[in-house]
Amino acid sequence: MTLPAQLRQVSSTIWELPVSFKEGMLVPVRIIASEPLLATMEAGVFDQAANVACLPGIVKYSYCMPDGHWGYGFPIGGVAAMNPATGVISPGGIGFDINCGMRLVLTNLTEQEVRPRLHKLVDLMFERIPTGVGCKGFVKCTRSEFRHVLEKGSRWCLEKGYATHDDLKMTEEQGSFSGADASTCSERAIERGVDQIGTLGSGNHYCEIQVARPENIFDQETARAFGITIPNQVVIMFHCGSRGLGHQVATDYLQTFLRVMTKKYGITVRDRELACAPFRSPEGQEYFSAMKCAVNMGFANRQVILHRLREVFSQVFRRSPEDLGMDMVYDVAHNTAKLETHRVDGKEKELLVHRKGATRSLGPHAPGLPACYKETGQPVIIGGSMETGSYLLAGNGGASDTFFTTAHGSGRTMSRHQAKKMTKGQKLLGEMEQRGIYVRTDSYGGLAEEAGFAYKDIDVVTAATEMADLSRRVVKLVPIGNIKG
DNA sequence: ATGTGC
């Protein structure tokens, strides 16, 4: 595709569109990418990032990460920091799946120990962790109890025996965003979410058994600090979010914002999908609270899935989760908005940072890091396609430019429809099995949509984040077992 | 992404 004529190369990994690119732009666009990745980006990405640059209160740049692609309103991979006093909050800058995120869990097992029981393990995971559209979890929860989940996140899990103190320590914001008031979530949102705690969902959500092969370790010292200490160590990575609850919250407030944005607040946007409200307005604050509830649902969801995983491994290997070393490396969200303090033009400022398909990436010594990661920087978990593997990285100081943010995944290269035309789920499953990856899925059609060829090369994406100094590669993790929605 | 969209 032809790049916009006004796109200017700032460095080997920074590409800038000036405010003259589009009428109404308040700040320039900055695309962070290597040249080959930039060439694969759709025209829509530049257009959408430029639309975001027009949003009231945006500070510094409208960013797009190296895995950026076309999304709802904002590009996926979009990062926008707003001045909270003058700026807006926009659901399109967070995504429908609020607190979609990644969790990585250690074991002290090796691939050699797991292989003989892999089928049993994956089958039991598939049985115990509900997958697919509309799936329900095992946690029986009244609506009023569910409101506690929304207000407390992982802290609720700790109270109910689904979490350890260490789990909370190893979760972004300790698995609980403060200021979540469940009364800002509609009854419909609560209805959709109440029986979905501990469920994986569908689409690109998965739970994977992976191996850290010695030849895939990029940074031995940091790998050790993150708990990767044994050759061919088995780890578990999973990807899911806040399910129906987050989706309904996004839907509800998009509607509200469309109603009040122009009429009440006089804001016009370049695209209806950028519906927003002033952050300090009643509507903006209500959405911010409901979004936090969805964030907490996302953390609780992943925490209960971890609880089930511990039971499954315990049953198959006849050892306790402690004995199996099933400790968390980290849990990090990639669809949120957060009030954070950042240094802008030499001054500390509080900003509302939208990250949509973009991962927080704190560098060494950043406040908010668990003590054990002070020297290494934050573990960053980037999921690739189910065929090609995923990465554990570490946050770098250089990410301060992007408000401490890096990429989140591979990014699709083709539509789900197109991918489904190119292969059949059952055929793919057989091919993967031959290559030593055992997969169970709720939907063969859904599996075909997630084929490796439908995604950008994760090696290229993570290399670009390293070149741009946003995060550095620690270890590539390759799949041997996978359950999918 | 989503009790899947026209």
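First the proteins, then the strands, lettered A, B, ... as listed; each starts at 1.
Atom CD1 of A:I76 and atom P of B:dT2 are 13 Å apart (whole Å). The separation between A:H247 atom NE2 and B:dG5 atom P is 8 Å, rounded to whole Å. Remark: P of B:dT2 and CE of A:M297 are 10 Å apart, rounded to the nearest angstrom. To the nearest angstrom, P of B:dT2 lies 10 Å from NE2 of A:H239. Following rounding to the nearest Å, A:N99 (CG) and B:dT2 (C1') show an atom-to-atom distance of 16 Å. Nucleotide B:dT2 holds its C1' atom 9 Å from the CD atom of A:Q248, rounded to whole Å. A:Y72 has its OH atom 18 Å from the P atom of B:dT4, to the nearest Å. The separation between A:L200 atom CG and B:dT2 atom P is 9 Å, rounded to whole Å.
In terms of heavy atoms, A:L245 sits closest to A:A189 at CD1-O, 3.5 Å.
Among the atoms of the strands shown, only primed sugar atoms or phosphate atoms (P, OP1, OP2) are found under 4.0 Å from some heavy atom of A:G244. Residue-level contact check: A:G203 touches the backbone only, with heavy atoms under 4.0 Å from sugar-phosphate atoms and none from bases. Nucleic acid contact for A:R188: base, since at least one base atom lies under 4.0 Å from a heavy atom of the residue.
Results of the ring pair (Phe, Tyr, Trp, His ring centres under 6.0 Å) test with A:F226 over A:Y373, A:Y391, A:Y330 single out A:Y373 as the only residue that passes.
Remark: A:R270 engages no residue in a salt bridge (Lys or Arg N to Asp or Glu O under 4.0 Å) (not counting sequence neighbours).
Taking side-chain N and O atoms only, A:S202 has a distance below 4.0 Å to OP1 or OP2 of B:dT2.
Side chain of A:T107 to main chain of A:V234: a donor-acceptor pair is present (N/O by atom type, distance under 3.5 Å, no hydrogens or angles).
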